[in-house]
Each structure stands twice: as C-alpha cells, then as structure tokens.
Amino acid sequence: MSFNTFGRVFRFTTWGESHGPALGAVVDGCPPGLALSEGDIQPFLDKRRPGQSRFTTQRQEPDQVRILSGVFEGRTTGTPIALHIDNVDQRSKDYSEVAKAYRPGHADYAYDAKYGFRDYRGGGRSSARETAARVAAGAVARLVIPEVTILAWVEAIGGDAIDPANFDAAEIGNNPFFCPDAEAAKRWEALVDGARKAGSSLGAVIACEASGVPAGWGAPLYAKLDSELAAACMSINAVKGVEIGDGFAAAALTGERNADAMRPGNDGRPVFLANHAGGIAGGISTGQPVRVRVAFKPTSSILTPVETVTREGEATEIMTKGRHDPCVGIRGVPVVEAMVALVLADQKLLHRAQTG
Ligand SMILES: Cc1cc2nc3c(=O)[nH]c(=O)nc-3n(C[C@H](O)[C@H](O)[C@H](O)COP(=O)(O)O)c2cc1C
C-alpha cells in the first residue's frame, strides 16, 4: 500500500526525507557473488550531487554512500543490500512559508489532502533528495547487467533543443548541463542564468540510450518493457512525459516510414535499418538500442510570487525562498540512467527465471 518499492525480482526500496538525518535504499534480490564496494556507487552519486555549478541548487551535500549490509569480503551475498547516505546541509527555516501555504506545482497540497499531515521541511519525502537513493541502487543494478551501456543526456532546456548534427557523446561530461552539443551548452548558460536571475525556472527533455540489451528481455502485455520503463521514469519527481523510441512522433508517420525494416545479418540475427520502435517490439527487446525520452517540468519552487491558498483555505501568494534547482531536468540525467538500469537488471533476471 505504501509504494516505496520498485521492481519484481531485483527490487529496491527507498527511505528518508529531505531534512531527516539520512536517506537510503535497500536493494533486495541482487544475485550473489558480484564484486561491490562503495567505489562502484560513488561516481554515480557524484554526478547527481547538488551544488556543483551555479545552474543547480546550492545545497551542499557530499552524498557519501555507506554499504551497511549484503556484502561480505567485497562480494554480494544475495541478502538485502542497505545503502546509507547522510543529509548534512539542511536549512529548515527556509521552509516556514511552505508550512503555511501550498507551492502550486509541488506536492504540498496533495500530501496534505491525502495524509492530513506532512513534513514540509525541504519538501519532506517529495524532495528530490530521494533520487540519491535511486542513483545508489541503480549503481548496484548496473553490476547485474555488465553487457549493457547506459547513457543519458539533456536534449532540450526551456524548449531550446540540441542540434542532432552536433551530437558528441564526449561533450556530455564537459559542461554543467550533460549536453552533447557544445553550442547548445553555451546557449543554455545564458538561458538558465536568465531564468534563475528572473526568479523563474525551466523544464528539460532528457534522452537515454541503453545499448547491448539482447533480444528477448521484457514481457508481452501487462509487463511490457515499454511500460516498465515508462513507470520507472514517470516515478521520478517532476517527470510529466515518457516516450519510447519515436513516441508521440510515431503517430505522425506512415506505416512504411515507421517500420524498422530488417535484412539478414551474418550471425543469423536480423540487421535493422532504423529504430523508430526504440529497441522494443511487443513489449520485448529486439537487440537494438533501447531509447527513452523523459520530459521534466520546470521547478515549482520559484522566487516569482504565485497565487495560492494557505492550509486554512485563505487566498495568498507564495514566493519560495531557499535553494532550488532552476532546471531540475539537469540533475535528472543520472536519475534517468539509474531507473533504466534498475528496470533492465530486473528484466534480465526475470527473463532468466522464465527461460532458464
Ligand atoms: C534532480 C531533481 C531535483 C529537483 N529539485 C527541485 C528543487 O530544487 N525545487 C523544487 O521545487 N522541486 C525540485 N524537484 C522536483 C520536485 O521534487 C517535484 O516537483 C515534487 O516532488 C512534486 O512532484 P511532481 O513534480 O512529480 O508532481 C527536483 C526533481 C529532481 C528530479
């Protein structure tokens, strides 16, 4: 009933709030015998960590992970792996306004309507601090699928998209936006700075590609690989849209243009001439790269006053002070990668369980 757990065979549960002492994940169902240390997890947390540029929140969290269980002599034992991350830079006084009135676009009103009681400090459980736990769990998932390479990047900010002709994977780590187009990254500096200084915020589109996924992972109908990926990515805070392959654009294509034509390959497997399907057909991977696009809405905590109501139902305006991401999609990149890894690890184990 409480829905803090995701996955079927490779399962993880996250726990913790923004201003609590710590947060973390428990990964259950991980195969035994995998080499695992904090060093396998930390680089991914470092990518998501706040305060690394002026384009993200200035909250300073080292996000150092500790493995509390499930590992003996450097290898997974098959028992639950508890991952622990301290919160060290809370500033709860910034949230006195949020205690009294609801931020439109954030979870404040909905949490009150459901539970009648909420931890408003930093957004409590609805804070994206929770995504650190997903990223830690995702790093463990990657060890289950060494045959798969997962790469995500920002494709557009505030409606300004990269030029696909400029795509250079090596650029993604060279700028604060995870942007594969050096020219777009330059433009985005002014764009995001402008939004931040104006007390506003911007949305973003993240693209993610998983290559090396063999044909056969996933399931027909009620656990389609498409729907598992959509559920995983849609569960990320601030995500409002997920597309697989061409997604909505496929609806504008004709059948012959949308078809991923096939030719015989040398190894008995077909060679595909296109990948409109995003590497999935009938809910099952085809062996082509799995492609997902994720739309993040603009941050709702902004310095521009917005009309709202108090907890008592009186009209007021709210202007959210404190430290916030001017574009949450930027730090969403490692989170999307983690969720894709978690789904694929689960699907690999499910495929093995059914087909041997
Ligand atoms: C990496 C990341 C960072 C975020 N940072 C902020 C933030 O600084 N301020 C904020 O208001 N929302 C932030 N969010 C979004 C909220 O957590 C989210 O909007 C809120 O939980 C409401 O959920 P919903 O947008 O999915 O409806 C962030 C989301 C992500 C993924």
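Just follow the structure's listing: the first ligand is 1, and inside any ligand the first atom is 1.
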Pairing of Glu228 and Arg8 as salt bridge, 4.0 angstrom limit: yes
I'd like to know if Glu243 pairs up with Arg291 as an ion pair, taking the criterion as any Lys NZ or Arg NE/NH1/NH2 lying under 4.0 Å from an Asp or Glu carboxylate oxygen. no
Atom 5 (N) of ligand 1: closest protein heavy atom, distance to 0.1 Å, is Asp325 OD2, 3.0 Å
The complete set of ring-ring contact (aromatic ring centres under 6.0 Å, His included) pairs with one or both residues in residues 225-252, sequence neighbours excluded, reads none
ask   = Salt bridge check: are Lys100 and Glu312 linked by an N-O gap of less than 4.0 Å?
value = no
Nearest non-hydrogen contact to atom 31 (C) of ligand 1 from the set Ile206, Thr299, Val336, Asn237 belongs to Asn237
In terms of its nearest heavy atom to atom 24 (P) of ligand 1, the top option of Ser235, Ala238, Ala128, Pro326 is Ala238
Notebook entry, point to check: Taking N or O atoms only and a 3.5 Å limit, does Ser126 qualify as a polar contact for ligand 1?
Noted result: yes
Note: ligand 1 atoms sitting under 4.0 Å from heavy atoms of His324 are 7 (C), 8 (O), 9 (N), 10 (C), 11 (O)
Exercise. May I ask whether Gly123 places a heavy atom under 4.0 Å from ligand 1?
Key: no
Glu17/Arg121 salt bridge by N-O under 4.0 Å criterion
no
inquiry  = Counting only nitrogen or oxygen atoms and a 3.5 angstrom limit, does Thr57 reach ligand 1?
reply    = no
Is it the case that ligand 1 has an N or O less than 3.5 angstrom from some N or O of Ser127? no
Exactly one candidate in Arg49, Arg48, Lys47, Arg331 meets salt bridge (Lys or Arg N to Asp or Glu O under 4.0 Å) with Asp63; the answer is Arg48
### Query
Less than 3.5 Å between some nitrogen or oxygen of Arg331 and one of ligand 1, yes or no?
no
Check your understanding: For Lys297 and ligand 1, does the shortest N/O to N/O distance drop below 3.5 Å?
Key -> yes
*Between Arg59 and Ser18, is any side-chain donor less than 3.5 angstrom from a side-chain acceptor?*
yes
For atom 20 (C) of ligand 1, the closest protein heavy atom turns out to be His106 CE1, 3.5 Å
